[in-house]
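First up is the structure itself, then whatever we jot down about it.
Proteins come first, then strands; the chains are lettered A, B, ... in the order of their sequence lines, and each starts at number 1. Small disclaimer: the values here were computed from a predicted structure and weren't measured.
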Amino acid sequence: MTHVTERFFITTAISYPNGVPHLGHAYELMASDAIARFMRLDGRDVFFLTGTDEHGLKMAQTAEREGLTPIQLADRNAAAFRAMGKALDSTNDDFIRTTEPRHYAASQAIWRRMEANGDIYLSKYSGWYSVRDEAFFDEKELTTGEGGKRFAPSGAPVEWVEEESYFFRLSAYQDKLLALYASQPDYIGPESRRNEVVSFVERGLEDLSISRKTFTWGIPVPGDEKHVMYVWVDALTNYITAAGFPDEQAPRWKYWPASVHIIGKDIVRFHAVIWPAMLMSAGLPLPKRVFGHGFLTNRGEKMSKSLGNVLDPIAMSQQYGLDAFRYFFLREIPFGADGSYSHEAIVGRLNADLANDLGNLAQRSLSMVNKNCEAKVPPRHALTGDEDTLLASAYALAAGGRRHMDSFALHAILNDIWKVVGDTNRYFAAQAPWALRKTDPARMETVLWTTAEVLRVIGLVAQPFIPIAAGKLLDLLAVPVDRRMFAHAVPDQALVPGTVLPAPMALFPRYVEPETAGEGA
RNA sequence: GGCAGUGUAGCUCAGCUGGUUAGAGCGUGGCACUCAUAAUGCCAAGGUCGGUGGUUCGAGCCCACUCACUGCUACCA
């Protein structure tokens, strides 16, 4: 209690809302939410941010196609992303939209600071552009047809275009970035991404085009309103906008620098190269870590509209239950790696881990308490080595979780927790309290107390991952809401015999296929 | 093409600085039990660790070559 509360600022990437949220967005949000919850339960002062990135050509084009103005489209889809957060019970403290006035102010302010530092200059951006692909291509990627005409890999014709653009002197930051990666080995995670970024930067950096004159749906460049900022400055700046920038007296500025940016593996480079360089240029502190998670596939197939395997995360969370939905993705997929999901796999996890192992463990033990111990926490008599071992492994979960969290190994935390769940089922079966009831009631009480106490600790440490069920479990154990931090996962806070307990109830229903459920009502 | 990584039981993965019968979970088969959500526990089958050749008293863990797959190789959020 003598130490200052540590702050923890976690962000997701901001989503591009030219469509509705899909499972990938939900995955990133759920994982980030679990980390945020973990840190809060571990006593940190957490600021958890998510939001939408609403500018750019694609938004403008999509809006036009739908007969809307860009801001109308943005309003509509940002609402859908917010709704997803709500449906997933995300605990983000703020939801930033890049079309908000505060973000215009922040983006223009960081632009001016980079400019004042001599890192922004006006020049010409040129290259082979394919209108059909909406993209520039490197000379090496092109094929040459008759008459010297060039074509993109897609077969679309390309033309040489030159465009006036502001540039950021990214090349000047190569050495500083390499020094950053060297001095902070965990700056980029997982390690495979770090290696890629390092080798990318080692190959040399070019200056970066950071404005556009070809569209207007963006934040005006200060002092030259013919230009709007291109995605880099606009999008990345959201993280400091939400912290109050440029007002360094703002209440939330204390949270900057961010503890971690949780992002998809496709945008690691932007966060690990461009963003820190921008911040260096602006004289601002750098985020501590950047972590790129993997992509999800449906049975190994990429999700795509044409394959018809794009699933609605809100519908899925309702189908399986929010906790089960979260649990599956966080447990099944090593965080940072790609992962595949299927209905069968989700149901398997739900039934095996949640309903059978944990849910049934709570049910079988607490119903015995209810029937044989007057629905009170039973007395705890002398403990044997079996109890000591089991309890010790439970009390070790919080510390072990912290260790895994250092590398955002969410799956490993869950693995450890369920190891204890399994041990507890084995303990329960080996002790057979239903037999002890007749032969040695005191011993039965000790077994039931021990099981309940282990469940208390499991409930505490499982809260970030299955918040609803963990809360229910702690309710069943009559754990006061102000004793549910990780700091309480210790022997000193153990269940007090005699405490009145509510009637047991199921934590997780088994998932039964609707087809086989009955007469199809 | 260059750089990096992966390849271990049907499936998903662990395997520390090389050292007794290569592990876990799920799935499968059998048994037990009845406290419990047809739940749980126990036992078993099943891999010689992508392939070849080396180093070593000894290699899944080192080296070489080889096959397959994946990622990165900048203006795509």
Side-chain angles (χ1 to χ4, degrees), chain A residues 13-18 25 52-59 98 125 127 129 133-138 140 165 167-168 170 190-210 212 230-232 234-236 263-271 273-274 292 294-295 331-334 337-340 342 344-345 348-349 351-372 411-412 415 418-419 422 424-437 444 447-448 451 504-512:
Chain A
I14 46 177
S15 305
Y16 201 64
N18 66 337
H25 295 113
T52 42
D53 169 27
E54 307 183 352
H55 289 127
L57 187 59
K58 281 230 168 66
M59 279 297 283
T98 55
Y125 180 53
Y129 185 77
D133 296 315
E134 295 171 20
F136 282 90
F137 291 95
D138 198 88
K140 286 178 289 210
S165 167
F167 281 78
F168 171 53
L170 183 62
E191 193 164 341
S192 55
R193 301 287 156 218
R194 178 195 133 83
N195 294 339
E196 287 174 6
V197 169
V198 170
S199 70
F200 172 78
V201 175
E202 280 173 344
R203 278 193 289 268
L205 295 174
E206 295 169 16
D207 289 348
L208 190 70
S209 167
I210 55 170
R212 287 291 184 275
Y230 193 50
V231 58
W232 321 119
D234 184 335
L236 291 164
I263 55 176
K265 64 180 184 180
D266 55 330
I267 54 176
V268 165
R269 196 170 58 227
F270 310 145
H271 284 75
V273 180
I274 298 174
F295 287 161
R331 167 72 196 266
E332 181 92 357
I333 303 166
D338 290 346
S340 115
S342 65
E344 293 73 24
R349 282 290 182 192
N351 285 343
D353 293 5
L354 299 180
N356 296 351
D357 288 347
L358 178 57
N360 184 58
L361 173 64
Q363 186 86 330
R364 68 194 303 209
S365 56
L366 295 180
S367 71
M368 279 201 75
V369 169
N370 189 57
K371 288 174 191 159
N372 303 299
H411 59 291
N415 202 41
W418 258 263
K419 173 74 166 54
T424 310
N425 267 316
R426 276 183 283 278
Y427 164 80
F428 201 83
Q431 300 296 327
W434 56 91
L436 293 169
R437 183 179 52 191
M444 173 198 76
V447 171
L448 293 179
T451 303
M505 60 185 288
L507 294 181
F508 299 98
R510 281 181 62 81
Y511 185 93
V512 181

### Query
At what distance, to the nearest 0.5 angstrom, does OG1 of T98(A) lie from CG of L236(A)?
11.5 Å

#### Entry: P atoms of U48(B) and U52(B), separation to the nearest Å
12 Å

### Query
Has R269(A) got its NZ or CZ under 6.0 Å from the middle of the six-membered ring of F200(A), at an angle within 45 degrees of the ring axis?
yes

## Note on the structure
Of G41(B), A39(B), C72(B), the nucleotide closest to the side chain of R269(A) is C72(B)

### Query
Between A77(B), A36(B), C26(B), which nucleotide gets closest to the side-chain atoms of A352(A)?
C26(B)

### Summary
Using Watson-Crick geometry (N1-N3 plus N6-O4 or O6-N4) or G-U wobble (N1-O2, O6-N3), each under 3.5 Å, A36(B) is paired with none

### Task
Describe the nucleic acid contact of D207(A) in one word from base, sugar-phosphate, nothing, applying a heavy-atom distance below 4.0 Å.
base

### Query
Under a 3.5 Å cut-off for both distances, is G18(B) Watson-Crick or wobble paired, and to whom?
none

### Task
State, with a plain yes or no, whether a side-chain heavy atom of R364(A) is found less than 4.5 Å away from one of T451(A).
no

### Message
Using the C1' atom as the point on both nucleotides, what is the distance between A68(B) and G51(B), in whole Å?
### Response
10 Å

### Message
Looking at G25(B), I'd like to know if its phosphate oxygens (OP1 or OP2) sit under 4.0 Å from a side-chain N or O belonging to K419(A).
### Response
no

### Task
Measure the distance from CD on Q363(A) to P on A39(B) and round it to the nearest whole Å.
14 Å

### Atom P, compared across C31(B) and G50(B): separation rounded to whole Å
37 Å

### Task
Between G18(B) and A9(B), how far apart are the C1' atoms? Round to whole Å, please.
23 Å

#### Entry: Point-to-point distance, once rounded to the nearest 0.5 Å, from CD of E206(A) to CG of L208(A)
9.5 Å

### Summary
The residue, H271(A) or L205(A), whose nearest nucleotide of RNA chain B is more 5′ is L205(A)

### Message
Using the side-chain heavy atoms of L170(A), tell me which of these nucleotides is nearest: A39(B), C75(B), A74(B).
### Response
A74(B)

### Message
Of the listed nucleotides (A74(B), C35(B), G41(B)), which one gets closest to any side-chain atom of R426(A)?
### Response
G41(B)

### Task
Check every atom of C75(B), A39(B), C35(B) against the side chain of R364(A) and return the nucleotide holding the closest atom.
C35(B)

### Message
Under a 3.5 Å cut-off for both contacts, is U6(B) paired Watson-Crick or G-U wobble with anything, and if yes, with which nucleotide?
### Response
A68(B)

### Task
Any strand is fair game: report the nucleotide pairing with C76(B) by Watson-Crick or G-U wobble, both distances under 3.5 Å, or none.
none

### Task
May I ask you to say what I210(A) touches in the nucleic acid, namely base, sugar-phosphate or nothing, with a heavy-atom cut-off under 4.0 Å?
nothing

### Task
Calculate the interatomic distance between N351(A) atom CG and C26(B) atom C1'; express it in whole Å.
12 Å

### Query
In whole Å, what separates the C1' atom of U17(B) from that of A77(B)?
43 Å

### Message
Suppose you measure atom C1' in C69(B) against the same atom in G25(B); what distance do you get, rounded to whole Å?
### Response
25 Å

### Message
Considering every strand and a 4.0 Å limit on heavy-atom distances, what is the contact class for S209(A): base, sugar-phosphate, or nothing?
### Response
base

### Message
Only pairs with both distances under 3.5 Å count, Watson-Crick or wobble alike; so what is the partner of C62(B) in this structure?
### Response
G54(B)

### Whether D207(A) side chain and L170(A) backbone form a donor-acceptor pair below 3.5 Å
yes

### Message
Without decimals, in angstroms, what is the distance between N372(A) CG and C35(B) P?
### Response
10 Å

### Query
So what does G204(A) hit on the nucleic acid, given a heavy-atom distance under 4.0 Å: a base, only sugar-phosphate, or nothing?
base

### Query
Starting at CD of E196(A) and ending at C1' of C3(B), how long is that distance when rounded to a whole Å?
10 Å

### Message
Counting the atoms with a prime plus P, OP1 and OP2 as sugar-phosphate, which does W232(A) contact under 4.0 Å by heavy atoms, base, sugar-phosphate, or nothing?
### Response
base

### Message
Only pairs with both distances under 3.5 Å count, Watson-Crick or wobble alike; so what is the partner of C42(B) in this structure?
### Response
G30(B)

### Query
Is G348(A) touching bases, backbone alone, or none of the nucleic acid, heavy atoms closer than 4.0 Å?
nothing

### Message
Heavy atoms from C-beta onward define the side chain here; which of C75(B), U37(B), C35(B) lies closest to that of M368(A)?
### Response
C35(B)

### Task
Consider the side chain of K265(A), meaning its heavy atoms from C-beta on, and name the nucleotide among U37(B), G71(B), C72(B) that approaches it most closely.
G71(B)

### Task
May I have the distance from Y427(A) (atom OH) to C35(B) (atom P), rounded to whole angstrom?
18 Å

### Atom-to-atom span, CZ of F168(A) to C1' of C75(B) - whole angstrom
14 Å

### Message
Distance check, rounded to the nearest 0.5 Å: I267(A) atom CD1 versus I274(A) atom CD1?
### Response
11.0 Å

### Message
In whole Å, I'd like the distance from the CD1 atom of I267(A) to the P atom of C76(B).
### Response
15 Å

### Task
Both distances under 3.5 Å, Watson-Crick or G-U wobble: report the partner of A24(B), or none.
U12(B)

### Task
Under 4.0 Å between any heavy atoms, over every strand shown, what does A235(A) touch: base, sugar-phosphate, or nothing? Just pick one.
base

### Message
Is there a side-chain contact between Y230(A) and the phosphate of C76(B), meaning an N or O under 4.0 Å from OP1 or OP2?
### Response
yes

### Query
What is the nucleic acid contact for D357(A), judged by heavy atoms within less than 4.0 Å: base, sugar-phosphate only, or nothing?
sugar-phosphate

### Query
Under 4.0 Å between a side-chain N/O of N195(A) and OP1 or OP2 of C3(B), yes or no?
no

### Task
May I ask you to evaluate whether R203(A) reaches the phosphate of C3(B), defined as a side-chain N or O under 4.0 Å from OP1 or OP2?
no

### Query
When you measure from the side chain of R193(A), which nucleotide among C75(B), C76(B), G71(B) comes out closest?
G71(B)

### Message
Can you tell me how far apart OH (Y230(A)) and CG (L57(A)) are? Round to the nearest 0.5 Å.
### Response
8.5 Å

#### Entry: R510(A) backbone acceptor or donor facing N351(A) side chain under 3.5 Å
no

### Query
Between C13(B) and G7(B), how far is it from one C1' atom to the other, in whole Å?
13 Å

### Message
Between R194(A) and E191(A), is the salt bridge (charged side-chain N to carboxylate O under 4.0 Å, His left out) condition met? List the steps.
### Response
CA-CA 5 Å; R194(A) 178 195 133 83; E191(A) 193 164 341; 5.5 Å; no

### Query
Atom CG of L436(A) and atom P of C35(B): how far apart are they, to the nearest Å?
13 Å

### Task
Under 4.0 Å between any heavy atoms, over every strand shown, what does L236(A) touch: base, sugar-phosphate, or nothing? Just pick one.
base

### Message
I'd like to know if N360(A) reaches the base of A36(B) with its side chain such that a donor and an acceptor end up less than 3.5 angstrom apart.
### Response
yes

### Message
Using atom P in both nucleotides, what's the gap between A22(B) and U6(B) to the nearest angstrom?
### Response
24 Å

